[in-house]
Amino acid sequence: QVQLVESGGGLVQAGGSLRLSCAASGRTFSSAVMGWFRQAPGKEREFLASITWNDGTTYYSQPGKGRFTISGDSAKNTVYLQMNNLRPEDTAVYYCAAKAGARTTWSSASWGQGTPVTVSS
């Protein structure tokens, strides 16, 4: 089992930036895929971006494209989500997840506890 701890959330004004971090420990795999999700109040959790550890392949959903960038530091077992030009609608709890490989589903992933992001107008 892998343990994930997110950090970096907080209150920011619209147009500002935040960088979220997700530190992984425990049983990790070189083929693991790390992802960022978010859940706004009253809404379902939505996928933003993912990165594959062993080759750095990234993938973004529509909400995550353009303003968000996922990156990883394998030496630190940490994944980042750089968020720029934040909008009030980006207000949500942001979660990090890890799954064993590209062929596994996020339903079997390990999840962090989430870090809240609030964007004021």
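Here, residue 1 is the first one in the sequence, and each next residue gets the next number.
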Quick one: closest heavy-atom pair of [X] and [Y], and the distance?
X    : Y   : result
N85  : D90 : O-OD2, 4.5 Å
S121 : P88 : CB-CG, 3.9 Å
R38  : P63 : NH2-CB, 3.9 Å
S21  : W36 : O-CH2, 3.6 Å
I70  : Y60 : N-OH, 2.9 Å
F37  : A97 : CE1-CB, 4.1 Å

Within-4.5 Å side-chain heavy-atom neighbours: [X] and [Y]:
X   : Y    : result
S17 : Q82  : yes
T69 : Y80  : no
T91 : V117 : no
Y94 : E6   : no
L86 : Q13  : no
L20 : T115 : yes

Out of curiosity, [X] [atom1] to [Y] [atom2], how far, rounded to the nearest 0.5 Å?
X   : Y   : atom1 : atom2 : result
C96 : L81 : SG    : CG    : 9.5 Å
L48 : M83 : CG    : CE    : 8.5 Å
E46 : Q62 : CD    : CD    : 11.0 Å
I51 : T57 : CD1   : OG1   : 8.0 Å
S50 : M34 : OG    : CE    : 10.5 Å
F68 : L18 : CZ    : CG    : 9.5 Å

TODO: Please state whether the rings of F47 and W106 are parallel, tilted or perpendicular, taking 30° and 60° as the class boundaries.
DONE: tilted
